[in-house]
Every structure is written in structure tokens, then in C-alpha cells.
Number of protein chains: 2
Amino acid sequence: MNESQVIKALSALAQETRLQIIRYLVACGKDGAAAGTIGEEVNSSASRLSFHLNILENAGLVTSKRVSRRIFYSASYEQMGGMIGYLLEDCCGNHPEVTSCCMPGTSNIS
Amino acid sequence: MNESQVIKALSALAQETRLQIIRYLVACGKDGAAAGTIGEEVNSSASRLSFHLNILENAGLVTSKRVSRRIFYSASYEQMGGMIGYLLEDCCGNHPEVTSCCMPGTSNIS
DNA sequence: TCAATATTTCAAGAGTTATTGAATTATGAA
DNA sequence: TTCATAATTCAATAACTCTTGAAATATTGA
């Protein structure tokens with residue numbers, strides 16, 4: 001994951017509705033939830049929801065899959081983990097106080 | 001750390017210059033670096049740098065301290081850790097594959 | 001086929017963010 | 001005090017983001 005991908009992911013998460021969506025989808029597990037369900041959960045109109053889901057998908061943070069009339073969205077655990085890993089990268093090793101959340105062996109000492 | 005603080009921190013990081021600044025400061029350790037030094041590091045004019053440092057400081061991600069003519073900026077490891085913790089919150093427990101970076105015991109199972 | 005449901009796309013407008021260069025403030029040295 | 005250095009503030013502009021409601025597309029069931 002490179003700098004511009006990380007910026008895209010951070011930008012995507014740095015918005016109230018989208019942060020709520022991601023947290024909801026992460027909690028939903030790998031099957032995710034249909035757009036309509038997510039819209040109810042985060043109190044968003046259809047077009048507004050679609051706009052935000054599109055940004056999350058574009059950032060690689062969610063994936064979608066049509067099932068009959070519905071489109072199910074789910075969190076990309078891989079991308080979430082990748083972004084977090086990038087953020088932790090320079091903390092580990094040098095500054096263990098920041099990265100008490102890092103597993104031994106995961107740190108990328110630069 | 002609440003939702004709006006996290007959004008502020010994510011927004012602050014979701015910009016090329018500021019992401020570079022934070023990564024540089026994290027690497028600098030707790031004494032940080034003077035504004036001028038940071039500006040050279042990230043190829044930024046003084047006013048542009050000041051604008052971005054102000055946003056990072058406002059988000060609580062850096063702190064500043066004047067030493068004679070210079071102002072030293074350093075990363076706030078506490079705020080970085082807090083933001084990362086919030087992002088990992090709902091991943092842990094439910095979805096261990098996302099949080100291979102989490103230390104056992106750090107997870108906030110909701 | 002026609003109507004209903006689920007979702008996306010589009011265009012307009014309001015608000016926010018980033019960049020630039022010039023002016024300003026603060027500090028220290030000659 | 002005067003000059004130089006270090007950094008911030010300001011105003012203008014350009015670019016981007018979010019919201020809204022209306023229209024369009026896709027799918028299914030009667």
C-alpha cells in the first residue's frame with residue numbers, strides 16, 4: 001500500500017457518514033449488509049448513501065455484490081489492515097509507547 | 001477519544017504534506033524538529049508549512065514549543081495511539097484477521 | 001408487459017480546503 | 001537600535017466535497 005492509496009483511504013474515513021458506515025460494516029462481518037439497510041442504520045437518503053458507498057468502494061475499503069434486487073456491501077478487512085499497517089509503520093520499534101497495539105514481529109523498523 | 005476528534009485526526013492525516021510531516025516527526029522522536037527543518041524535509045514554503053502544522057496541532061497530532069527563534073514541533077504519540085485505537089475498536093475480537101497488528105489484551109470487544 | 005422496489009446517476013448550489021505571495025510578529029546578534 | 005532570521009497571518013483564488021431532489025437503471029413479481 002503506497003502513500004496515495006493511504007491518503008485515499010484516510011480521506012474516505014474522515015467523514016462522519018462514511019466512518020459510521022465502515023464501523024457498521026466491520027461489525028456486520030464478511031457478508032456485510034444491503035445498501036438500504038446501511039442507509040437506515042446511518043440515517044442517510046439513498047442518493048447520499050450511494051455517493052458515500054462509492055467513495056468507500058473507490059478507496060478499496062468496501063466491496064459490493066448484487067444479490068437479486070439488493071446490493072450487499074462489506075468491509076475490506078485487508079484494506080483496513082493495510083492502511084492501519086502503514087500508519088503504524090514508522091511508530092514501531094522506535095516508539096513502542098505509540099504502538100502498544102502492535103504485535104511483536106509486525107513492526108516495520110525503518 | 002470521540003467520533004469528531006477521530007474525524008479531525010483522520011482529516012488532518014489525509015493530505016500528502018501533512019502525512020509526510022507526521023511520519024517525519026514520528027521518526028524524529030519526542031524532541032521533534034524545528035518548523036524550518038520540517039519545511040526542508042517536505043519541500044514546503046514557510047506559509048504553507050505553517051498552515052499544515054496548524055491543522056495537525058489543532059487535531060492534537062502534534063505539539064509545539066518555542067526554543068529561542070525556533071519553534072519545535074513533535075508528534076503526539078498519545079493522540080496517534082488514541083486514533084489508531086478507535087479505528088481498531090470494532091475490528092478486534094470479531095475479526096481477528098484485520099487486527100493481526102493488535103496486541104492480545106488491547107482489543108475493545110463491543 | 002406493467003408496476004413496484006432497490007439503487008445509482010446527474011446537476012446545481014453551498015461550504016470547505018489548499019496554495020500563493022506579501023505583510024506582520026517575535027527573537028537574537030552586531 | 002538596527003538588521004537578519006524564523007515563523008505566522010492574511011486575502012485572493014482555484015479546486016474539491018457534500019447535500020438535495022429529480023431522473024434513470026436494474027430486477028422481480030403480478
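If you're wondering where the values come from, they're calculated on a predicted model, not measured in any experiment.
Remark: Q79(B) engages no residue in a side-chain hydrogen bond (donor to acceptor under 3.5 Å, both in side chains) (not counting sequence neighbours). Legend: residues meeting side-chain hydrogen bond (donor to acceptor under 3.5 Å, both in side chains) with Q5(A), ordered by chain and number and at least two apart, are absent.
Within residues 54-74 of chain A, the residues having any heavy atom closer than 4.0 Å to DNA chain C are, in order of number, R69(A), R70(A), I71(A), Y73(A). Near-neighbour residues of DNA chain C inside residues 32-45 of chain A, defined by a heavy atom below 4.0 Å, number-ordered: A34(A), A35(A), G36(A). Heavy-atom distances under 4.0 Å link DNA chain D to Q15(A) of residues 8-17 of chain A, given in residue order.
Applying the 4.0 Å criterion to OP1 and OP2 of dT8(D), one finds that R48(B) has every side-chain N and O outside that range.
Hydrophobic clustering (side-chain heavy atoms under 4.5 Å, transitive across Ile, Leu, Val, Met, Phe, Trp, Tyr) keeps L19(A) apart from F51(A). Linking Ile, Leu, Val, Met, Phe, Trp and Tyr residues whenever their side-chain heavy atoms come within less than 4.5 Å places V6(A) and Y77(A) in a single cluster.
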Do any side-chain atoms of residues 32-48 of chain A form donor-acceptor pairs under 3.5 angstrom with protein atoms, and if so which ones, sequence neighbours left out?
| unit_1 | atom_1 | unit_2 | atom_2 | d |
| --- | --- | --- | --- | --- |
| S44(A) | OG | L49(A) | N | 3.3 |
| S45(A) | OG | R48(A) | N | 3.3 |
| R48(A) | NH2 | T17(A) | OG1 | 3.4 |

Indicate every side-chain donor-acceptor pair of residues 53-67 of chain A with a distance under 3.5 Å to a residue at least two apart or in another chain.
| unit_1 | atom_1 | unit_2 | atom_2 | d |
| --- | --- | --- | --- | --- |
| E57(A) | OE2 | S64(A) | N | 3.4 |
| E57(A) | OE2 | S64(A) | OG | 2.7 |
| N58(A) | OD1 | K8(A) | NZ | 3.2 |
| T63(A) | OG1 | S74(A) | OG | 3.3 |
| R66(A) | NH1 | S68(A) | O | 3.1 |
| R66(A) | NH1 | R69(A) | O | 3.4 |

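To the nearest 0.5 Å, atoms CD (Q20(B)) and CG (L25(B)) are separated by 12.0 Å. Separation of atoms CE (M83(B)) and CE (M1(B)) is listed at 7.0 Å; rounding is to 0.5 Å. H52(B) contributes atom NE2, which lies 13.0 Å from atom OH of Y73(B) (distance to the nearest 0.5 angstrom). Put simply, NZ on K30(A) and CZ on F72(A) are 13.5 Å apart, with the number rounded to the nearest 0.5 Å.
In this structure, A46(B) and H52(A) both approach DNA chain D, and ranking their closest nucleotides by distance from the 5' end singles out A46(B).
Nucleotides of DNA chain C lying under 4.0 Å from heavy atoms of chain A occupy a range whose first and last members, 5' to 3', are dT5(C) to dT9(C).
One can place CG of L49(B) at 11 Å from C1' of dT8(D), the figure rounded to the nearest angstrom.
When each of L10(B), I7(B), L13(B) is checked for a side-chain contact (heavy atoms from CB on, under 4.5 Å) with L13(A), only L10(B) meets the rule.
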